[in-house]
**Student:** 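Here it is: the structure, laid out below.
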Amino acid sequence: MPIEFRRSWITPELESFRSTVVRFLEDEMLPQDEAARQRGHVGHEIWRRAGELGLLCIDIPEVWGGAGGDFRHEAVLCEEMARRGLTGMSISVHSIVAHYILNHGTEAQKQRYLPRMARGEWVGAIAMTEPGAGSDLQGVRTRAERSEAGYLINGSKTFISNGHLAGLVLVVAKTDPALGAKGISILIVETENCPGYQVGRVLDKIGLKAQDTAELFLDQVRVPEERLLGGREGLGFAQLMSDLPYERLIIGLAALAAMEGAYEATLAHVRQRRAFGQTVADFQNTRFKLAEVATEIQVGRAFIDRCVEDLVAGRLDTVTASMAKLWGSEAQGRVIDTCLQLFGGYGYMNEFLIGRMYTDARIQRIYGGTSEIMKEVISRGM
Ligand SMILES: Cc1cc2nc3c(=O)[nH]c(=O)nc-3n(C[C@H](O)[C@H](O)[C@H](O)COP(=O)(O)OP(=O)(O)OC[C@H]3O[C@@H](n4cnc5c(N)ncnc54)[C@H](O)[C@@H]3O)c2cc1C
């Protein structure tokens, strides 16, 4: 019997949702992926199409335009993309942005943004990182100054996922530099026809070629007072911290799904590739390596599934979610490296999924908090 990586949280309803997701990815996203990688972004049309199919903001309540599902639906979508190496639409960032608005936004903000995000009209981005501040968010220099007509924002951001296509950006800025973490706020910037808002070039990355990661420049960008997330200054840092379990678990579960995808692709390859009068799968080394990979995935599945169940039940803590991100991203690097080796020279080619997965995997240990920061967080919980 072939090894199966069964999820403890799957239900018949989620399986049927998975079929819808797979149809969309295979019929509509995969055929366009090569062009998106050449261009550096997937374009707006596919976002709107995903919205039409009800695949965006799946775990946002229907009253705000979402699909009324829960985190497991989001997990299914992220997993199916990750196992196919489809990284162009950063659905996870889009969902994270929607969750900031859901969890911290005023009623008016939820009504204005969530339905548009669910329809894919506005792609969401979150802009924390700056040229001078990444891991240490308290070092952000972007300033939002209160004026009579709202806030004036000045600063620059870098490495912003969905940055080229974003219709709304949550900008992390200092509203009171003297107050440290308590002086940080999040402002919602609507990017269309926004004087002073400029998107730099799509950055040339070693992986995630279809995803638009961009620099953003804000020069006297004026936003009305009602675009302060949650309506009160100084809440930004706490807002960012409270949503960490959601963000980190998405990275961890996508990592595990990418490992599954790599394992399946490798199994298919070694079974047909021949050397020394036998298939590569016949070598004991190949079988042992894949046995190790399958075991690592199976063990990881137990932990990630528990995290998914805990998140759905509202009890996933930041330390455990940081472990999911740390373990998942590190294991993804190890597993994909092992799998690539079994492809020989073909593994090094971008036209092979495993080659793309290799470069795509590297960022997982860096964004959403680096592995070193995960260890800091985990060790503080000891
Ligand atoms: C493709 C991509 C997409 C991204 N998407 C987004 C996005 O959508 N929005 C956004 O805001 N940002 C985004 N980022 C930025 C990303 O989150 C940061 O790059 C990351 O947090 C690290 O920050 P940094 O690059 O400034 O590195 P630094 O903070 O300068 O870190 C450099 C090194 O020092 C280590 N280090 C730092 N502090 C400590 C410490 N206390 N203890 C031990 N080691 C430490 C780090 O682990 C790292 O190894 C993205 C980055 C990339 C490359």
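Counting starts at 1 for both ligands and their atoms, in listed order.
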**Student:** Quick one: look up the protein heavy atom nearest atom 20 (C) of ligand 1 and list residue, atom name and how far away it is.
**Tutor:**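 The closest one turns out to be Ile366 O, 3.6 Å.
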**Student:** In terms of side-chain heavy atoms, does Glu247 have a donor or acceptor partner in Tyr100 at a distance below 3.5 Å?
**Tutor:**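 On atom types as modelled, these side chains qualify, holding a pair under 3.5 Å.
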**Student:** Establish, from distance only, whether the side-chain atoms of Lys157 and Thr129 form a donor-acceptor pair under 3.5 Å.
**Tutor:**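 No - no donor-acceptor pair under 3.5 Å links their side chains.
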**Student:** May I ask you to identify the nearest protein heavy atom to atom 9 (N) of ligand 1, giving residue, atom name and distance to one decimal place in Å?
**Tutor:**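 Result for atom 9 (N) of ligand 1: Ile126 O, 2.9 Å.
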**Student:** Over 60° means perpendicular and under 30° means parallel, so classify the ring planes of Trp122 and Tyr113, tilted if in between.
**Tutor:**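 The arrangement is tilted - the two ring planes meet at 30° to 60°.
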**Student:** Just grab all the salt bridge (Lys or Arg N to Asp or Glu O under 4.0 Å) pairs involving residues 174-188, residues at least two apart or on different chains.
**Tutor:**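 Sorted result for residues 174-188: empty, none.
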**Student:** Check the surroundings of atom CD in Gln272: do more than 12 heavy atoms from other residues, nucleotides or ligands lie under 6.0 Å from it?
**Tutor:**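 Buried by this count: over 12 neighbours within 6.0 Å.
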**Student:** Is atom 32 (C) of ligand 1 in close reach of the protein, with a heavy atom under 4.0 Å away?
**Tutor:**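 Protein heavy atoms within 4.0 Å of atom 32 (C) of ligand 1 - there are none.
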**Student:** Within 45 degrees of the ring normal and closer than 6.0 Å to the centroid, is that where the cationic atom of Arg72 sits relative to Trp9?
**Tutor:**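 That pair does not qualify as a cation-pi contact.
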**Student:** Can you tell me the protein heavy atom closest to atom 44 (N) of ligand 1 and the distance?
**Tutor:**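 Checking every protein heavy atom, the shortest distance to atom 44 (N) of ligand 1 gives Glu372 CB, 3.6 Å.
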**Student:** Students often mix this up, so state it plainly: with edges at 30° and 60°, are the rings of Phe283 and Phe276 parallel, tilted or perpendicular?
**Tutor:**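 Phe283 and Phe276: perpendicular rings.
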**Student:** Taking the hydrophobic residues Ile, Leu, Val, Met, Phe, Trp and Tyr, and joining any pair whose side-chain heavy atoms are under 4.5 Å apart, which ones share a cluster with Val169?
**Tutor:**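 Same cluster as Val169: Tyr151, Ile153, Ile160, Val171, Leu187, Val189, Tyr197, Val199, Leu216, Leu218, Val221, Val223, Leu228.
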**Student:** What do we get for Ile373 next to ligand 1 when only non-hydrogen atoms under 4.0 Å count, side chain, backbone, both or neither?
**Tutor:**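 Side chain only.
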**Student:** Can you tell me how the ring of His94 sits relative to the ring of Trp47, calling it parallel under 30°, perpendicular over 60° and tilted otherwise?
**Tutor:**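 Geometry flag for Trp47 against His94: tilted rings.
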**Student:** So which heavy atom in the protein is nearest atom 3 (C) of ligand 1, and how far is it from that ligand atom?
**Tutor:**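 Minimum-distance protein heavy atom for atom 3 (C) of ligand 1 reads Ser161 OG, 3.4 Å.
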**Student:** As an exercise, identify every atom of ligand 1 less than 4.0 angstrom from a heavy atom of Gly134.
**Tutor:**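 Near Gly134, the atoms of ligand 1 are 23 (O), 24 (P), 26 (O).
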**Student:** Give the numbers and elements of all ligand 1 atoms closer than 4.0 Å to a heavy atom of Thr370.
**Tutor:**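 It comes down to these atoms of ligand 1: 22 (C), 46 (C), 47 (O).
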**Student:** Quick one: does atom 35 (C) of ligand 1 have a protein heavy atom under 4.0 Å from it?
**Tutor:**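 Given the 4.0 Å limit, the answer for atom 35 (C) of ligand 1 is no, no protein heavy atom qualifies.
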**Student:** Under 4.0 Å from a heavy atom of Ser135: which atoms of ligand 1 are those, numbered in the order shown and with their elements?
**Tutor:**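 Checking each atom against Ser135, I get 22 (C), 23 (O), 28 (P), 29 (O), 31 (O), 37 (C), 38 (N).
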**Student:** Does atom 7 (C) of ligand 1 have any protein heavy atom closer than 4.0 Å?
**Tutor:**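 Within 4.0 Å: yes, protein heavy atom nearby.
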**Student:** Any side-chain donor paired with an acceptor under 3.5 Å for Glu74 and Ser95?
**Tutor:**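 Per modelled atom types, Glu74 and Ser95 side chains form a pair under 3.5 Å.
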**Student:** What protein heavy atom lies closest to atom 14 (N) of ligand 1? Include the residue and the distance to one decimal.
**Tutor:**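 So the nearest neighbour among protein heavy atoms is Phe159 O, 3.3 Å.
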**Student:** Of all the atoms in ligand 1, which lie at a distance below 4.0 Å from a heavy atom belonging to Lys205?
**Tutor:**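 Answer, ordered by atom number: 1 (C).
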**Student:** Write out the residue and atom name of the closest protein heavy atom to atom 53 (C) of ligand 1, then the distance separating them to 0.1 Å.
**Tutor:**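 Looking only at protein heavy atoms, the one closest to atom 53 (C) of ligand 1 is Ile363 CD1, 3.1 Å.
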**Student:** What atoms of ligand 1 come within less than 4.0 Å of a heavy atom belonging to Met128?
**Tutor:**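 Once the distances to Met128 are compared, the set is 10 (C), 11 (O).
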**Student:** What's the shortest distance from atom 15 (C) of ligand 1 to any protein heavy atom, and which residue and atom give it?
**Tutor:**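 Scanning the protein heavy atoms, the shortest distance from atom 15 (C) of ligand 1 goes to Thr129 OG1, 3.2 Å.
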